[in-house]
Amino acid sequence: MQRGKGEMVRGDLFVMTGASGVGKGTLRARLMERVKLRYSISMTTRPPREGERHGVDYWFVDEATFERIKREGGFLEHATYVGYSYGTPKAPVERALARGEDVLLEIEVQGALQVAEKMPEAQLIFVIPPSLSELRQRLLLRGKDSLEKIEKRLERAREEIALADRFHYVVVNDLLADAVADLERIILTRRRIVKRMRPALERALERDPDLEAELDEIAKRMQGR
Ligand code: 5GP
């Protein structure tokens, strides 16, 4: 959170997206241990999985509630994914950005493209597998999907990778630690842009009278030598 001449600098919105099974969830968790980010909790009509908590992993809602919020324009983006609805509640994201906090969304590709349309300043990070065969291996080992579904997901991943030009950054999730380090660098680099560094620039132009007095003394002594 930084201030420049008394006005709050808006935070950045980071949108992490990529194919199902590429490891977005794990990357997000590791990244958030390393950099301060506000994670946007999505709303979904999918029932909770074991261990998932309402208001922590997702806001679990029924169809009617989701539809109502959608009608009221309450989502920054929303999409249907394998039969369930998912959406990013707009107000909390807006509030956090206005407070100067950096916000992270972890969403599927169609939703990420909607965010890009609505907020062109959003930083879009595309996570890709090292290869489609690696992705196939991960989906098979995860054992959540039928073979037919896995083939569908792979086809979808292939189509999505072809859209890479619409994103700002690509992170290859081969070695987890490397991918996390890449994500961390992307975020830290954004925090060094001029707009965010205003307070440091202002401080760089300041002079401290006490230190200046001491330095004048030193300069005088040097002259006398
Ligand atoms: P899961 O049901 O496995 O938690 O998530 C399924 C997919 O939905 C994942 O690719 C996840 O990133 C994505 N997802 C989660 N929340 C949102 C959201 O708010 N909007 C969109 N568009 N996708 C989401």
Side-chain angles (χ1 to χ4, degrees), residues 13-32 37-63 65-97 103-119 122-129 132 135-136 138-146 149-150 152-161 163-164 166-167 169-171 173 179-180 183:
L13 178 61
F14 294 97
V15 182
M16 181 163 75
T17 190
S20 157
V22 80
K24 295 188 298 274
T26 312
L27 285 173
R28 184 239 305 173
R30 293 292 173 89
L31 178 67
M32 291 192 55
L37 287 169
R38 174 161 297 263
Y39 177 61
S40 154
I41 301 165
S42 294
M43 205 166 270
T44 185
T45 58
R46 162 170 85 59
R49 298 194 188 112
E50 208 177 303
E52 281 185 335
R53 282 178 297 162
H54 184 70
V56 176
D57 301 285
Y58 281 105
W59 300 106
F60 296 99
V61 296
D62 57 24
E63 281 290 347
T65 308
F66 195 95
E67 283 304 314
R68 179 175 52 75
I69 294 170
K70 190 162 108 181
R71 262 200 322 273
E72 291 168 357
F75 289 122
L76 176 58
E77 60 74 38
H78 56 84
T80 309
Y81 184 87
V82 221
Y84 294 112
S85 303
Y86 295 81
T88 302
K90 192 155 71 180
V93 171
E94 265 307 324
R95 274 197 304 267
L97 292 174
V103 176
L104 177 68
L105 310 187
E106 185 231 296
I107 60 180
E108 53 73 61
V109 177
Q110 295 311 314
L113 294 175
Q114 289 174 40
V115 178
E117 294 254 312
K118 286 194 195 153
M119 297 177 72
Q123 299 293 299
L124 269 47
I125 307 171
F126 195 43
V127 182
I128 60 167
L132 284 181
L135 183 61
R136 183 162 180 235
R138 285 181 203 172
L139 290 170
L140 280 169
L141 294 182
R142 192 159 81 166
K144 271 199 329 198
D145 303 305
S146 64
K149 254 196 183 155
I150 289 178
K152 279 206 185 118
R153 278 175 198 231
L154 286 170
E155 181 52 29
R156 176 105 172 239
R158 203 185 56 74
E159 289 164 12
E160 287 171 353
I161 291 168
L163 297 174
R166 316 260 296 262
F167 302 89
Y169 303 94
V170 169
V171 168
N173 192 14
V180 174
L183 288 168

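Remember, predicted model here, so these are calculated numbers, not experimental data. Just follow the structure's listing: the first ligand is 1, and inside any ligand the first atom is 1. Along the sequence shown, residues carry numbers from 1.
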Does [X] have a heavy atom less than 4.0 Å from any atom of ligand 1?
X	answer
Tyr58	yes
Gly87	yes
Arg49	yes

Backbone or side-chain N or O of Arg46 under 3.5 Å from ligand 1 N or O | yes
Between Val15 and Ala112 the two heavy atoms that sit nearest each other are CG1-CB, 3.8 Å
Under 4.0 Å from any heavy atom of Ala79, which atoms of ligand 1 are there?
->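 Within the 4.0 Å cut-off of Ala79, ligand 1 contributes 22 (N).
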Provide the number and element of each atom of ligand 1 under 4.0 Å from a heavy atom of Ser42.
-> 16 (N), 17 (C), 18 (C), 19 (O)
Using heavy atoms and a threshold below 4.0 Å, how should the contact between Glu77 and ligand 1 be classified: side chain, backbone, both, or neither?
->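 Glu77 to ligand 1: side-chain contact only, backbone stays beyond 4.0 Å.
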Considering Gln114, Glu106, Gln110, which one's heavy-atom position lies nearest to atom 11 (C) of ligand 1?
-> Glu106
Closest to atom 2 (O) of ligand 1 (judged by heavy-atom distance), picking from Tyr84, Tyr86, Trp59 =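 Closest candidate by heavy-atom distance is Tyr86.
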How about [atom1] on [X], more than 12 heavy atoms from neighbouring residues, nucleotides or ligands closer than 6.0 Å, or not?
X	atom1	answer
Arg28	CZ	yes
Arg136	CZ	no
Arg142	CZ	yes
Glu72	CD	yes
Arg38	CZ	no

Closest non-hydrogen protein atom to atom 9 (C) of ligand 1, residue and atom name please, with distance?
->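 It is Lys24 NZ, 4.1 Å.
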In the protein, which heavy atom is nearest to atom 23 (N) of ligand 1, and how far is it?
->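 Of the protein heavy atoms, Glu108 N, 3.1 Å lies nearest.
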Are Glu155 and Arg158 ion-paired here, with the side-chain N under 4.0 Å from a carboxylate O?
-> yes
Decide, yes or no, whether a salt bridge links Glu67 with Lys70 under the criterion of side-chain N to carboxylate O below 4.0 Å.
-> yes
